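Here is the structure we will look at.
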Amino acid sequence: MSDKNVETRTLRYFIAVAEHLHFSKAADALGVSQSVLSVAIQRLETQLGVKLLQRNKRQPVSLTDAGKIFHAHAPVSYTHLRAHETGRN
């Protein structure tokens, strides 16, 4: 992908998966389908050029080292982006 801008929606999706460590639970919390969430996270990983989540059918989702770093900054980034979008700089 040539566009390196991460959408606020995608950040929100990642934060939910990182907090729930489960795609189905995160999808339920967000009110989206699991497939929509999965595709969005895969696109985010492609955009960033790094794997954020370790997926294993027999174990819960876990954050990779890059995912841990991204998650440490994602909530603050999300808050700032939302404020900018709504004009509350």
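Residues take their numbers from the sequence shown, with the count starting at 1. All values reported here derive from a predicted model rather than from experimental measurement.
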Please report the closest heavy-atom contact between [X] and [Y], naming both atoms and the distance.
X   : Y   : answer
S38 : F23 : CA-CE2, 3.8 Å
L37 : A26 : CD2-CB, 3.7 Å
I41 : Y13 : CD1-C, 4.0 Å
F14 : G67 : CZ-O, 3.7 Å
A16 : L30 : CB-CD1, 3.7 Å

Would [X] and [Y] show up in the same hydrophobic cluster when neighbours are defined by side-chain heavy atoms closer than 4.5 Å?
X   : Y   : result
I69 : L52 : no
I15 : V36 : yes
L21 : L11 : yes

If I take atom CZ from residue R55 and atom CD from residue Q42, how far apart are they, to the nearest 0.5 angstrom?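 These two atoms lie 5.5 Å from each other.
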Heavy-atom side-chain contact between [X] and [Y] under 4.5 Å:
X   : Y   : answer
L63 : H71 : yes
Q47 : E7  : no
R9  : V32 : no
L53 : F70 : no

Kindly determine whether Q34 and S24 satisfy side-chain hydrogen bond (donor to acceptor under 3.5 Å, both in side chains), including the steps that lead there. CA-CA 6 Å; Q34 184 177 343; S24 293; 2.7 Å; yes
Any donor-acceptor N/O pair, T10 side chain to L44 backbone, under 3.5 Å: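 Answer holds: no.
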